[in-house]
Amino acid sequence: MSVYENAERHAKRIILAFVCFIPWMLITTRFLPFEWAGGLFALVWIGLGLWTYSYVCPNCGYSVFRAYGFFWPWPRSECWKCRRDLTDEQLT
């Protein structure tokens, strides 16, 4: 699996976590205090955010989610720094 496909799968996990926030809060606040339910979700969200830093170009080490000086929610198929194609499966 290529670097881009792995990063794309991670981006889909982040979108899924974002979509599941409201149902998560509705269900867990029945059993836990509101602050605890939000805090547990925040830990998941922070963990996914930190995991984003592990998807880097194997050639130069630049993040596949970074371009134009910002982090974007979807990975780039080409490295912003060295212009290497990240969809090639032989990079991993």
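Predicted, not measured: the structure shown is a model, and the values here were computed from it. These numbers come from the heavy atoms of this one structure, side chains and all, not from hydrogens, waters or symmetry mates.
Taking both residues in full, the closest heavy atoms of Y53 and V56 are given as O-CG1, 3.6 Å, listed atom of the first, atom of the second, then distance. Minimum interatomic distance between A11 and P73 (heavy atoms only, all atoms of both residues): CB-O, 3.5 Å. Across all non-hydrogen atoms, the minimal contact from A17 to F41 is O-CZ, 3.1 Å. Minimum interatomic distance between S77 and D85 (heavy atoms only, all atoms of both residues): O-OD1, 3.3 Å. What you find for S63 and F71 is that their closest heavy atoms are OG-CE2, 3.5 Å.
Atoms CG and CZ, from L86 and R83 in turn, are 11.0 Å apart once rounded to the nearest 0.5 Å. Once rounded to the nearest 0.5 Å, the distance linking CG of L40 with CG of L32 reads 6.5 Å. One distance of note links CD1 of I15 with SG of C20; it measures 12.0 Å at 0.5 Å rounding. Going from atom NZ of K12 over to atom CZ of R9 covers 8.5 Å, rounded to the nearest 0.5 Å. Residue C57 holds its SG atom at 14.0 Å from CH2 of W80, rounded to the nearest 0.5 Å. To the nearest 0.5 Å, the span separating CD1 on I46 from CH2 on W51 amounts to 16.0 Å.
In this pair, Y55 and F65 present their aromatic rings perpendicular. The plane angle is above 60°, beyond the 30 to 60° band.
When the side chains of ILVMFWY residues are joined at heavy-atom separations under 4.5 Å, either directly or via intervening members, V44 and I22 end up in a single hydrophobic cluster. Side-chain heavy atoms closer than 4.5 Å link hydrophobic residues (I, L, V, M, F, W, Y) into clusters, and following such links, possibly through other members, connects W36 to F34. L43 and F31 fall into different hydrophobic clusters, where Ile, Leu, Val, Met, Phe, Trp and Tyr are joined by side-chain heavy atoms under 4.5 Å apart, directly or via other members.
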Next item on the list: Check step by step if side chain to side chain contact (heavy atoms under 4.5 Å, CB included) holds for T87 and V3.
Entry: CA-CA 7 Å; T87 58; V3 174; over 6 Å; no
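Side-chain atoms of H10 come within 3.5 Å of backbone N or O of L48 as a donor-acceptor pair.
Aromatic ring centres of F21 and W45 lie farther apart than the 6.0 Å criterion allows.
In this structure Y4 satisfies the side-chain hydrogen bond (donor to acceptor under 3.5 Å, both in side chains) test together with W74, sequence neighbours excluded.
A cation-pi geometry, defined here as NZ or CZ lying under 6.0 Å from the six-membered ring centre and within 45° of its normal, does not hold between R76 and W72.
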